[in-house]
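Note that this is a predicted model, so its numbers are computed, not measured. Letters go in sequence order (proteins before strands), and every chain restarts at 1.
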Protein chains: 2
Amino acid sequence: MLEYIMAKREYELGSAEFQILKALWEKGPSPVRDVLTHLHERGRNVAYTTVQTLLTRLEQKGFVASDKSGLAYVFRATLSRDRVRKSRIKSLVSQLYDGAAAPLVLQLIRSGSFSEDEIKSLQQMIDELDTSDDGSKS
Amino acid sequence: MLEYIMAKREYELGSAEFQILKALWEKGPSPVRDVLTHLHERGRNVAYTTVQTLLTRLEQKGFVASDKSGLAYVFRATLSRDRVRKSRIKSLVSQLYDGAAAPLVLQLIRSGSFSEDEIKSLQQMIDELDTSDDGSKS
DNA sequence: CTGTTCCTACTACACGTGTCGGAGAGAGCC
DNA sequence: GGCTCTCTCCGACACGTGTAGTAGGAACAG
């Protein structure tokens, strides 16, 4: 079994680009203006053209698609947030722990990253995991 | 509630730089040549001077220190691997899940990242977590 | 029509990062 | 004493990414 040697490049996103995607995930398909507004609302002050550039680049990379609808182009993410999250996590785990996920969780536990409620949920989830047996794959 | 908007810069490391650090963590303090060899052994073919540049930059950033010992400088990491891991994880969690760690674990669970043994260990760790109470913080 | 507004298309530019090459100084070998 | 090997020091360069200005067309207000 080859598994993955290096988490294969993953989705190449800069952090500004990522934030754009986030906006699209949260607001759904939007024109430049709306994405900009969204960002401004979260305290991220960038210029209109900056957002546009980012959106364009994202589109070139295939992470976003656009349709001319009326006055302006409407952009939408072509990747699900989950997919990107998954990829990112995998990449991190691979980089930090050579692919072993458990140490990551251990680390989180040790650094007190969970609230009591979360701990309870986790217990439950893990218990279920133990019994349930869906062999879903990537 | 301000929380943290952006996980504060963290340790700024490029992936090539990170690999250098990794080498130092794994082999302990080493001169350029040894780091290079280490990298070559893992199939990473870079030039001697590349490694040197990286080491130098790392030193400028304060992540590495060096001492002239005999012929060549010996470099050593000034950050623990754990510290960097922690920072990286925090940064990821902040970016992907607005700081909530539990969803990350959920994601790992859903994508079948754990072996049975790991699940068992996790159960145990989390159970302990529930009772033990060290309020350690970052 | 005409001025204002809004959008897109280009172009630009500074930085960080990955990658090296060449010049020069010591250490050793013959 | 030179030749060679190995370091270190600098300088360089291509790319990716973040950020934005400007030009020019389209739409809309009067």
Interatomic distance where [atom1] belongs to [X] and [atom2] belongs to [N] [whole Å]:
X	N	atom1	atom2	value
A:Asp67	C:dC7	CG	P	17 Å
A:His40	D:dT19	NE2	C1'	12 Å
A:Phe63	D:dT17	CZ	C1'	14 Å
A:Glu59	C:dA9	CD	C1'	13 Å
A:Tyr73	D:dA26	OH	C1'	13 Å
A:Leu55	D:dT17	CG	P	15 Å

A:Phe18: partners by ring-ring contact (aromatic ring centres under 6.0 Å, His included), with sequence neighbours left out
A:Trp25
Per the side chain to side chain contact (heavy atoms under 4.5 Å, CB included) rule, which among A:Val51, A:Thr53, A:Leu54 passes with A:Val46?
A:Val51
Identify the residue among A:Val64, A:Asp67, A:Leu24 that makes a side chain to side chain contact (heavy atoms under 4.5 Å, CB included) with A:Arg76.
A:Asp67
Between A:Glu41 and A:Lys27, is there a side-chain N and carboxylate O pair less than 4.0 Å apart?
no
Could you tell me if B:Arg44 and B:Gln19 have a donor-acceptor pair between their side chains, going purely by distance under 3.5 Å?
yes
Please check the phosphate of C:dC7 (OP1 and OP2 only) for any side-chain N or O of A:Arg33 closer than 4.0 Å.
yes
From the list A:Lys61, A:Arg57, A:Lys22, salt bridge (Lys or Arg N to Asp or Glu O under 4.0 Å) partner of A:Glu17 resolves to A:Lys61
At under 4.0 Å between heavy atoms, which parts of nucleotides 15-30 of chain C does protein reach? Answer with one letter per nucleotide, 5' to 3': B base, S sugar-phosphate only, - none.
--BBBBBB--------
